[in-house]
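In what follows, every chain begins at residue 1, and chains take the letters A, B, ... in the order their sequences are listed. Since the model is a prediction, treat every value here as computed from it, not as a measurement. Side chains are part of it too, since the values below use all heavy atoms of this structure and drop only hydrogens, waters and symmetry mates.
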Amino acid sequence: MSFRIEKLRALKESNRDPYLITTAKQTHHAADIAAGFEELEGETATVAGRLLARRGMGKVSFSDLLDRSGSIQIFSRLNNLGEESYAAWQNLDIGDLVEVTGEVFRTKTGEVSIRNREWRLLSKSLRPLPEKYHGLRDTDTRYRKRYLDLIVNPEVRETFVKRSRIISFFREELNRRQYLEVETPLLNTIAGGAAARPFVTHHNALDIDLYLRIAPELYLKRLIVGGFERVYEIGRNFRNEGMSNRHNPEFTMLELYEAYADYHTMMDLTEALVAGACMEINGTYEIDYQGTALSLAPPWRRMTMIEAVRAYAGLDFDQIKTDEEAREAARGRGLEEVPASMTWGEALSKCFEAFAEEHLIQPTFLIDYPIEISPLTKIKPGTGGRLTERFEVFIYGREHGNAYTELNDPMDQARRFADQQRRREAGDEEATLPDNDFVEALEVGMPPTGGLGIGIDRVVMLLTNQPTIRDVLLFPTMKPVDKD
RNA sequence: GAUCCGCUAGCUCAGCCGGUAGAGCACCUGACUUUUAAUCAGGGGGUCUGGGGUUCGAACCCCCAGCGGAUCACCA
């Protein structure tokens, strides 16, 4: 590093301070030149980017220049540049940012290259980059210094380009379907719409605590009451819970609501969005995720929670009638921690999580959830009020989305909130908080509505074959390092 | 929050039974006018994550702490 600072000092003293340069020219990008070589051969092109490698041979040298599209070889020759310019070129460091102009040609060995006729140093790199061959492996450094990871590991760049394309695809598809993109508050006075512990912050002027939202649900449904009919929001949710390879404290959700629709509509839409995004970036519905072959070709399997528990836990909740029978069955099957207060629906849900969830490898809509864990969902007719019209999408044993036929009965909603409040008082910190203004909105009248939430980070993991959520977040949450 | 594993040069990694620090890339010097992990010759570079302990002697053994990773729990 000291050599580089010395070089910078020399540049400044000779009036060639690279940091004074404000713009540069890019007539082409590396990938375009490679792709359009037939038409571009012999043409003059100007590229700009970072010097990544140099293979010097005395009076001739080869360098790789990286721009946003990829890298291209620069061929520099003493005869073409002259003594002074060539010597200065040889004096550059790996990592420096340069602009190069010259003809497009192919070298002896067939590498598409630019013959360096004229160049400028655009910015100096004072720190050495990680090794070119092995790249940067250390996960700690990769996440904390993502810029290095992006420079040195091309597959990381690709993943984040794909992430952007997936989100664009969702937007385009929803806009095409006449959905309106909206923004709702991140700072909430009541953290509602999901079962999770919130982050707390404080507003000084109002002198009140505010919560970072755990879900936009209750605001988006107010907009359905307001008459927008189709709304969506892509944004961050914050949940003050554990971290894992599938969990980051802030994560990105696509949440959408469609009036005059139900959860069947939402299943079709889920398939269209996720399978569509897969086709968009992978060109196929057949993917490999961490060694497992998955087919995202619609239609996906649809199975009720009761069916799943019957199939994978061997317990038939259609035949189990009372809470007591359900607890006995769950205990008999080996479920740990079955409190005496556990209800039929809780037992069903716990049995699903414990015995069935991990088996849902191929895309599956798991439908009809117990009412106790679905306080914002409409009851499914003919189930004695025990089940609701809710589904979650499972792929590779992981939840990727959650949808309901939305509860629009204000009286029922008030009762559900009251029930959640009792659970909270009984010690369930994650029970949904009551929101009386939301109930008032329902009293104004909400049309029958279908709603859907898709965990974008997990979809990106799936479609880009990344094993951990940190690999699809540019800056995952990290503990600070004490530098002293 | 629990358990296990890891942390050695800028990067990727060796380091045997506890005996005084290594390689490749990168960097510096030199050679080389078509290389692509260029090649060849020479050179510089370390608070072995931090603190404590055991020992004649610690990168290595023990304890505490930090950060990361995996699994589990909570959850999406």
Side-chain angles (χ1 to χ4, degrees), chain A residues 1-4 6-7 52-65 71-81 86 90-91 93-95 105-113 115 125-145 148-149 151-153 193-198 214-215 236-255 336-337 353-354 357 373 392-395 398-402 428-430 453-459 461 467-471 476 478-484:
Chain A
M1 188 167 164
S2 60
F3 288 101
R4 295 183 178 211
E6 186 51 39
K7 284 179 190 177
L52 273 200
R54 186 162 56 222
R55 300 171 289 284
M57 248 139 312
K59 300 191 174 59
V60 86
S61 79
F62 299 86
S63 314
D64 296 328
L65 180 141
S71 62
I72 186 162
Q73 180 167 270
I74 307 296
F75 174 69
S76 307
R77 202 168 163 219
L78 177 62
N79 298 10
N80 295 334
L81 288 171
Y86 187 75
Q90 293 300 91
N91 199 35
D93 290 300
I94 288 177
F105 78 112
R106 215 188 264 283
T107 61
K108 264 189 203 175
T109 52
E111 180 89 9
V112 172
S113 307
R115 192 183 309 275
S125 173
L126 297 178
R127 289 179 185 269
L129 291 175
E131 201 211 357
K132 60 190 167 187
Y133 184 59
H134 296 93
L136 180 64
R137 293 285 170 72
D138 181 65
T139 47
D140 191 45
T141 313
R142 286 186 49 226
Y143 302 145
R144 289 183 199 278
K145 302 185 190 296
L148 294 178
D149 193 28
I151 290 167
V152 155
N153 295 325
R197 284 155 60 184
I214 57 175
R236 222 64 67 80
N237 288 350
F238 304 86
R239 298 190 184 175
N240 204 341
E241 280 157 359
M243 294 164 66
S244 78
N245 59 0
R246 281 148 292 150
H247 302 267
N248 196 67
E250 51 179 310
F251 63 100
T252 302
M253 280 277 281
L254 162 62
E255 201 159 303
E336 288 168 26
E337 291 187 39
E353 287 170 17
E357 185 170 350
I373 57 169
E392 291 188 348
V393 197
F394 289 89
I395 308 174
R398 292 178 187 163
E399 191 198 333
H400 285 75
N402 182 13
D428 181 356
E429 278 189 75
E430 293 181 351
I454 292 180
I456 288 191
D457 311 292
R458 289 193 181 173
V459 169
M461 285 169 68
T468 123
I469 196 169
R470 287 172 232 110
D471 288 332
M478 303 288 279
K479 274 197 189 181
V481 199
D482 206 348
K483 287 271 182 170
D484 311 315

Which atoms of nucleotides 8-15 of chain B (N or O only) lie under 3.5 Å from a protein N or O atom, and what are those distances?
unit_1	atom_1	unit_2	atom_2	d
B:C11	O2'	A:E131	N	3.2
B:C11	O2'	A:G135	O	3.2
B:U12	OP1	A:R137	N	3.0
B:U12	OP1	A:D138	N	2.8

Polar atoms only, N or O, under 3.5 Å: list the protein pairs with nucleotides 47-49 of chain B and their distances.
none

Show each protein N/O and nucleotides 32-35 of chain B N/O combination with a separation under 3.5 Å, one pair to a line.
unit_1	atom_1	unit_2	atom_2	d
B:C32	N3	A:G58	N	3.1
B:C32	N4	A:G58	N	3.3
B:U33	O2	A:R77	NE	2.7
B:U33	N3	A:N79	OD1	3.3
B:U33	O4	A:N79	OD1	2.5
B:U33	O4	A:N79	ND2	3.4
B:U34	O2'	A:K108	NZ	3.4
B:U34	O2	A:K108	N	3.3
B:U35	O2	A:R55	NE	2.8
B:U35	O2	A:R55	NH2	3.4
B:U35	O2	A:Q73	OE1	3.2
B:U35	N3	A:Q73	OE1	3.0
B:U35	N3	A:Q73	NE2	3.0
B:U35	O4	A:Q73	NE2	3.0
B:U35	O4	A:T107	OG1	2.4
B:U35	O4	A:T109	OG1	3.0

Review item, nucleotides 70-73 of chain B N/O atoms under 3.5 Å of protein N/O:
unit_1	atom_1	unit_2	atom_2	d
B:A70	OP2	A:R470	NH1	3.3
B:A70	OP2	A:R470	NH2	3.1
B:U71	OP2	A:N245	ND2	3.2

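Atom CZ in A:R239 sits about 15 Å away from atom P in B:C74, given to the nearest Å. Counting to the nearest Å, the C1' atom of B:A37 and the CG atom of A:D64 are 11 Å from each other. As a whole-Å value, the separation of A:L254 CG from B:A76 C1' is 13 Å. Whole-Å rounding puts the A:D93 CG to B:C28 C1' distance at 11 Å. The distance between atom NZ of A:K479 and atom P of B:G69, rounded to the nearest whole Å, is 11 Å. With rounding to whole Å, A:R54 atom CZ is found 13 Å from B:C28 atom C1'. For the pair A:L52 CG and B:A26 C1', the computed distance is 13 Å after rounding to whole Å.
Within the 4.5 Å cutoff, no side-chain heavy atoms of A:R4 are placed close to those of A:R127. When side chains are defined from C-beta on, A:F105 counts as touching A:S113, because their heavy atoms get closer than 4.5 Å.
Separating the CZ atom in A:F251 from the CZ atom in A:R236 is a distance of 10.5 Å, to the nearest 0.5 Å. Here the straight-line distance linking atom CZ of A:R239 with atom CD of A:E250 works out to 13.0 Å at 0.5 Å rounding. Annotation: the span from A:R137 atom CZ to A:N153 atom CG amounts to 7.5 Å, rounded to 0.5 Å. With rounding to the nearest 0.5 angstrom, the NE2 atom of A:H400 is 12.0 Å from the CD1 atom of A:I456.
Across B:U54 and B:C62, the matching C1' atoms stand 7 Å from one another, rounded to whole Å. Across B:G50 and B:G68, the matching C1' atoms stand 15 Å from one another, rounded to whole Å. As rounded to the nearest Å, B:U8 and B:C4 have C1' atoms that lie 22 Å from one another. B:G18 and B:A70 have their C1' atoms separated by 30 Å, with the value rounded to a whole Å. For the P atom pair drawn from B:A26 and B:A41, the interatomic distance equals 15 Å after rounding to whole Å. Spacing between B:C17 and B:C25 at atom P, rounded to whole Å, works out to 29 Å. Atom C1' of B:G52 sits at a distance of 15 Å from the matching atom of B:G66, rounded to the whole Å. Rounded to a whole angstrom, the distance from the P atom of B:C64 to that of B:A14 is 26 Å.
When all heavy atoms of A:R77 and A:V60 are compared, the closest pair comes out as CG-CG2, 3.7 Å. The minimum heavy-atom distance between A:R106 and A:V112, with the atom names listed, is NH1-CG2, 3.8 Å. Of all non-hydrogen atoms in A:F394 and A:E399, the two that sit nearest each other are CD2-N, 3.8 Å. Smallest separation of non-hydrogen atoms from A:D140 and A:M478: OD1-CE, 3.6 Å. The two residues A:A215 and A:G193 have their closest heavy-atom pair at CB-O, 3.8 Å. Closest heavy-atom contact between A:I214 and A:N237: O-ND2, 3.4 Å.
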Check: Between A:D93 and A:F3, is a side chain to side chain contact (heavy atoms under 4.5 Å, CB included) present by the stated rule, with each step listed?
Finding: CA-CA 10 Å; A:D93 290 300; A:F3 288 101; over 6 Å; no
Next item on the list: List the steps and the verdict of side chain to side chain contact (heavy atoms under 4.5 Å, CB included) for A:M461 and A:D471.
Entry: CA-CA 8 Å; A:M461 285 169 68; A:D471 288 332; over 6 Å; no
Margin query: Apply side chain to side chain contact (heavy atoms under 4.5 Å, CB included) to residues A:V459 and A:I454 and explain how you reach the verdict.
Written below: CA-CA 8 Å; A:V459 169; A:I454 292 180; 3.6 Å; yes
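Regarding contacts with the backbone of B:A26, a side-chain N or O of A:K132 is found under 4.0 angstrom from either OP1 or OP2.
Residue A:N240 is classed as having no contact, given no heavy-atom separation below 4.0 Å to the nucleic acid. Residue A:A195 is classed as a sugar-phosphate contact, given heavy-atom separations below 4.0 Å to backbone atoms only. A:R144 comes within contact range of the sugar-phosphate backbone alone, with a heavy-atom separation under 4.0 Å but no base atom that close. Within 4.0 Å of A:M478, counting heavy atoms only, lie sugar-phosphate atoms of the nucleic acid but no base atom.
Among the nucleotides B:C67, B:A76, B:C28, the one closest to the side chain of A:K7 is B:C28.
For B:C17, the base adopts the syn conformation, since its glycosidic angle falls within 90 degrees of zero.
No donor-acceptor pair under 3.5 Å is formed between the side chain of A:K132 and the backbone N or O of A:L52. Looking at A:R458, its side chain does come within 3.5 Å of a backbone N or O of A:R246 through a donor-acceptor pair.
Base-pairing analysis of RNA chain B finds the following stems of at least three consecutive Watson-Crick or G-U pairs, with both pairing distances under 3.5 Å: B:1-7 with B:66-72, B:10-13 with B:22-25, B:27-31 with B:39-43, B:49-53 with B:61-65.
For A:T141, the side chain to side chain donor-acceptor pair (under 3.5 Å) criterion is met by A:D138, not counting sequence neighbours.
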